[in-house]
Amino acid sequence: MDILRLDLGTINVVDDPWPVHGFVVLHESLGPVLVDTGCGGPDGLLRQYRVVNRRVADALAAHSLSPADVRLVVNTHLHFDHCGQNPAFPHARMLVQRRERERVQRDEPDIEEWLTTAGVKFELVDGDVELADGLRIVATPGHTSGHQCVIASTPHGSDLFVGDAAMRRSVWDSPTPHNLPPLQAADLDSWQSSLQRLRALTPDRVHFCHDAAT
Ligand SMILES: [Zn+2]
C-alpha cells in the first residue's frame with residue numbers, strides 16, 4: 001500500500017502561509033483512494049485566504065494518475081481546503097460523516113450552495129468504518145463536529161491521515177489548547193479526546209494536511 005502526497009497549493013491563515021496536502025493511498029483492491037481534495041469553493045473564501053491553488057488533476061498527473069483513476073474519495077471534513085476539488089471526481093464514491101454533512105447544511109450556507117451547484121454527491125457514514133483490508137475511517141470530532149481520519153495498516157506499520165485533528169506536527173506532539181492556532185477546535189473537549197484517542201493508536205507515521213513534516 002504505497003502512499004503519495006499531493007501538494008495542492010497554499011492558503012494564508014492571517015499572514016501565515018499554510019501548505020495544503022491531499023494524500024493518495026494505493027490500495028490493492030480499492031485502487032487509488034484519495035484523502036482530501038484541496039482548495040475550492042465560494043470566491044469569498046478563496047479571496048479571504050489568498051489561496052494559491054494547484055489543480056488536483058495536475059498533482060495526480062505528477063504521479064501518472066488522473067482523476068478518473070480515483071474511485072474512492074474520503075473527506076476528513078468539509079472545510080473549503082479539504083473538499084474544494086471534490087467536483088473533479090463525479091464518478092467516485094465520496095465518503096463523509098453524516099454529522100459533517102449535516103453541520104454544513106445547517107451552519108455553512110455558502111459552502112452548501114457551492115456543493116449543491118457543483119452537483120457533489122456524498123455517501124454518508126456514521127462513526128468508525130472498515131473500508132477494506134488495512135484501511136479504515138475513525139471518527140474524530142472536535143475540529144468540526146463531523147471530522148474523521150483515515151488509517152492505513154500494512155506489515156510495514158500504520159499511517160494516519162490526520163486531517164485537521166492536528167493541522168501540524170507541533171500540535172500532534174503537544175496537543176494542548178495553548179499550542180493550537182485560533183479557530184482550530186469547534187469543540188475543545190472533543191478535540192482533545194479525539195487527539196488522545198489517535199495518539200493512543202501509536203501510528204508509525206502521521207501525514208499532515210498543513211505541514212510538510214511527517
Ligand atoms: Zn479544517
Side-chain angles (χ1 to χ4, degrees), residues 5-23 34-54 56 73-87 94-115 118 120 122 124-125 137-151 160-172 175 177 179-195 197-198 206-213:
R5 191 182 80 190
L6 304 184
D7 294 318
L8 296 170
T10 311
I11 59 174
N12 285 276
V13 182
V14 191
D15 281 325
D16 194 12
W18 290 17
V20 177
H21 301 144
F23 298 92
L34 177 60
V35 182
D36 285 345
T37 63
C39 296
D43 289 351
L45 274 175
L46 302 182
R47 268 195 294 272
Q48 180 184 342
Y49 286 92
R50 289 176 285 136
V51 173
V52 177
N53 208 5
R54 187 168 186 222
V56 70
V73 172
V74 180
N75 291 119
T76 58
H77 61 302
L78 299 181
H79 282 162
F80 80 101
D81 50 330
H82 295 260
C83 71
Q85 297 193 57
N86 278 27
M94 211 162 262
L95 304 186
V96 76
Q97 290 284 318
R98 184 183 311 276
R99 287 181 68 179
E100 183 68 1
R101 188 74 192 91
E102 290 174 352
R103 178 188 70 77
V104 168
Q105 286 168 331
R106 188 180 59 241
D107 299 339
E108 300 216 46
D110 54 343
I111 297 217
E112 176 60 21
E113 186 188 344
W114 171 77
L115 285 168
V120 174
F122 290 101
L124 303 179
V125 299
I137 284 173
V138 289
T140 49
H143 174 73
T144 63
S145 52
H147 192 280
Q148 61 186 2
C149 298
V150 174
I151 298 177
L160 167 64
F161 303 91
V162 72
D164 276 353
M167 74 292 315
R168 57 172 71 125
R169 162 63 65 186
S170 60
V171 173
W172 173 264
N179 200 25
L180 195 63
L183 304 175
Q184 287 300 312
D187 180 321
L188 206 50
D189 289 341
S190 305
W191 171 74
Q192 282 194 298
S193 313
S194 289
L195 211 41
R197 180 184 175 209
L198 290 170
V206 184
H207 303 273
F208 299 95
C209 284
H210 300 299
D211 193 340

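Residue numbers run from 1 in the order of the sequence given. Both ligands and their constituent atoms are indexed starting at 1 by order of listing.
Closest N/O/S atom of His77 to the Zn ion (ligand 1): NE2. The atom of His79 nearest to the Zn ion (ligand 1) is ND1, with the search restricted to N, O or S atoms. No other N/O/S atom of His143 lies as close to the Zn ion (ligand 1) as NE2 does.
Between Glu112 and Arg101 there is a salt bridge, since at least one side-chain N of the basic residue sits less than 4.0 Å from a carboxylate O of the acidic one. Under the 4.0 Å criterion applied to side-chain N and carboxylate O atoms, Asp187 and Arg103 are not assigned as salt-bridge partners.
Residue side and main chain included, Asp164 places an N/O/S atom under 2.8 Å of the Zn ion (ligand 1).
The one candidate from Val138, Val35, Thr76 that meets the side-chain contact (heavy atoms from CB on, under 4.5 Å) condition with Cys149 is Val138.
In terms of modelled atom types and a separation under 3.5 Å, the side chain of His77 and the main chain of His82 share no donor-acceptor contact.
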